[in-house]
Peer 1: 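Take this structure, written in structure tokens, and hold onto it; I'll ask about it next.
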There are 2 protein chains.
Amino acid sequence: MEINSTRDLILDSAQALAQTRGFNGYSYADIALELGIRKASIHYHFPSKNDLETELLSRYRTGFVSELQKIELNVNGSIEQLQRYAQMYATTLSNNRICLGGMMASDVGALPETLTPSLVSFFKEQVDWLANIMDAGKKAGELNFSGSAQSHATAFLAALQGGLLMANAMEDEGVFKRLRQTLINTLQ
Amino acid sequence: MEINSTRDLILDSAQALAQTRGFNGYSYADIALELGIRKASIHYHFPSKNDLETELLSRYRTGFVSELQKIELNVNGSIEQLQRYAQMYATTLSNNRICLGGMMASDVGALPETLTPSLVSFFKEQVDWLANIMDAGKKAGELNFSGSAQSHATAFLAALQGGLLMANAMEDEGVFKRLRQTLINTLQ
DNA sequence: TAGTATACCTACTTACTGGTAGGTAATCAA
DNA sequence: TTGATTACCTACCAGTAAGTAGGTATACTA
């Protein structure tokens, strides 16, 4: 079970494709070509595409949660924590990708329903984490907003997801940079 | 050239499919089945899928611009105008669809590049219109925000697009309703 | 050393994709 | 009334999708 196992390489390739071309915009043949292996070998690790997609989302969620923990642990101050959060999306954009969760949400009507609960949990995890940060920031006098932290957290996440879509389509990272600053300014 | 011409019915069907299953998530066969005609008849009206997609986006843009004009003409007050704008997205959501522009943006990596300029124009039209409304609202003392109207317009649109994705995936119209109110409250 | 599991492979199937060739019935203009 | 145009049709094509059957080499295990 080495680090760059074929299984992981398949997931990496599938994720890159899913984040650029859509959840139904790539095939086993695409991955096989990129990795220099055969389609059947991918079916060995992920018998059906549903299996691959399930694992893709699960891995993405786990990775995201671990990033959130790192931010809480290593970054001081709610404003800087929100900045770091938004920074993750900016990094995704600079790789010409959008969020896997956002991509999946856009394709939810064409996806097996078994994936939906995990996707919903993904969004809830994000919103809950953001709401916690915002609550703490307000109590500490760093942030200033009216209404619930939950609703501002939803708006913050929605704007990042939508901004990622727009900036990626417009091929304009500046759009996203300004959006990011506007969102954080509004909370102060 | 009657109102419900086959050509229009094809576009209607394609649009519904594109807004629910993705821009690459439907086929000529799907449309043919829904309309009770043959695939070849669709090719008669739209020789290639690129032709269909181009027309789809063009029609959507035109329709949207005409809605914006109606709002400016018939609705008084920037706050109410923004409410009506957001209302259009809520209607889309209640049809279990997302914005065609947002869907297209999410699939931009898998779409012919010929479509991109029109998509970029779509977003710019929206942002410019919103920025105009916001500028007027600020001058009239109805709205209150710091920073440029352009950046708040971008944030507003991005949040609606992202919120549509999330609320649709979560099958929760309440999420979108609260988001909408939060966005407008923040501008006051 | 014999048996089993792992991780790949070639070669295939079925179903669906966008697209084309060519035919037909109805309408319309000269 | 002839000839063109419109709006459909049947029947097909090559390519690609996900998925399967069955083979092979290597490693681990009893």
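A note on names: the letters A, B, ... follow the listed sequences, proteins ahead of strands, and every chain is numbered from 1.
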Peer 1: Would you tell me if any nitrogen or oxygen in the side chain of B/His45 comes within less than 4.0 Å of OP1 or OP2 on D/dT6?
Peer 2: no

Peer 1: Could you tell me the separation between the CD atom of A/Glu53 and the C1' atom of D/dA17, rounded to a whole number of Å?
Peer 2: 13 Å

Peer 1: Among C/dA7, C/dG19, D/dC8, which is the nearest nucleotide to the side chain of B/Thr6?
Peer 2: D/dC8

Peer 1: Rounded to whole angstrom units, what separation is found between the OH atom of A/Tyr28 and the C1' atom of C/dT14?
Peer 2: 17 Å

Peer 1: What is the distance, rounded to the nearest whole Å, between atom CD1 of A/Ile37 and atom P of C/dT10?
Peer 2: 11 Å

Peer 1: Grab the CG-P distance between A/Asp8 and C/dA7 for me, whole Å please.
Peer 2: 12 Å

Peer 1: In whole Å, what is the span from the CZ atom of A/Arg7 to the C1' atom of C/dA7?
Peer 2: 13 Å

Peer 1: Show every salt bridge (charged side-chain N to carboxylate O under 4.0 Å, His left out) that has at least one partner inside residues 37-56 of chain A, sequence neighbours left out.
Peer 2: A/Arg7-A/Glu55

Peer 1: What is the separation between atom CZ on B/Arg38 and atom C1' on D/dC12, rounded to the nearest whole Å?
Peer 2: 15 Å

Peer 1: Check the distance between D/dA17's P and B/Asp30's CG and give it to me in whole angstrom.
Peer 2: 17 Å

Peer 1: The criterion is salt bridge (Lys or Arg N to Asp or Glu O under 4.0 Å); which residues satisfy it with A/Glu80, sequence neighbours excluded?
Peer 2: A/Arg84

Peer 1: Test A/Phe122 against A/Leu100 for side-chain contact (heavy atoms from CB on, under 4.5 Å), laying out the working first.
Peer 2: CA-CA 10 Å; A/Phe122 171 76; A/Leu100 190 73; over 6 Å; no

Peer 1: Can you tell me the distance, in whole Å, between the CZ atom of A/Phe46 and the C1' atom of C/dC8?
Peer 2: 15 Å

Peer 1: Could you list the residues that satisfy salt bridge (Lys or Arg N to Asp or Glu O under 4.0 Å) with B/Glu67, not counting sequence neighbours?
Peer 2: B/Lys70

Peer 1: Ignoring the backbone of B/Ser41, work out which of D/dC9, C/dT17, D/dG19 is nearest its side chain.
Peer 2: D/dC9

Peer 1: Sequence neighbours left out, what pairs pass salt bridge (charged side-chain N to carboxylate O under 4.0 Å, His left out) with at least one residue falling in residues 123-146 of chain B?
Peer 2: B/Arg61-B/Glu125

Peer 1: Which side-chain hydrogen bond (donor to acceptor under 3.5 Å, both in side chains) pairs, counting each pair once, include a residue from residues 158-177 of chain B, with sequence neighbours left out?
Peer 2: none

Peer 1: Please identify each residue that fulfils ring-ring contact (aromatic ring centres under 6.0 Å, His included) with B/His45, with sequence neighbours left out.
Peer 2: none

Peer 1: Any donor-acceptor pair under 3.5 Å linking the side-chain atoms of A/Thr54 with those of A/Asn50?
Peer 2: yes

Peer 1: Within less than 4.0 Å of OP1 or OP2 of D/dA7, is there a side-chain N or O belonging to B/Tyr44?
Peer 2: yes

Peer 1: Measure all distances between protein nitrogen or oxygen atoms and nitrogen or oxygen atoms of nucleotides 20-22 of chain D, and list the pairs falling under 3.5 Å.
Peer 2:
none

Peer 1: Sorted by first residue and then second, give each ring-ring contact (aromatic ring centres under 6.0 Å, His included) pair with at least one member in residues 169-188 of chain A; sequence neighbours left out.
Peer 2: none

Peer 1: Report the end-to-end axis angle of the helix from C/dT1-D/dA30 to C/dA30-D/dT1; each axis comes from five terminal pairs, and the value is rounded to 10°.
Peer 2: 0°

Peer 1: Checking B/Glu72 now: which residues fulfil salt bridge (Lys or Arg N to Asp or Glu O under 4.0 Å) with it, not counting sequence neighbours?
Peer 2: none

Peer 1: Less than 3.5 Å apart, which donor and acceptor atoms pair up between the side chains of residues 19-26 of chain B and the rest of the protein, not counting sequence neighbours?
Peer 2:
| from | atom 1 | to | atom 2 | distance (Å) |
| --- | --- | --- | --- | --- |
| B/Gln19 | OE1 | B/Gln15 | NE2 | 3.1 |
| B/Gln19 | OE1 | B/Arg97 | NH1 | 2.9 |
| B/Gln19 | NE2 | B/Ile98 | O | 2.7 |
| B/Thr20 | OG1 | B/Ala16 | O | 2.8 |
| B/Thr20 | OG1 | B/Leu17 | O | 3.2 |
| B/Arg21 | NE | B/Gly25 | O | 2.9 |
| B/Arg21 | NH2 | B/Gly25 | O | 3.3 |
| B/Asn24 | ND2 | B/Ala110 | O | 3.3 |

Peer 1: Mind listing the residues from residues 11-27 of chain B sitting with a heavy atom below 4.0 Å of DNA chain C? Number order is fine.
Peer 2: B/Tyr26, B/Ser27

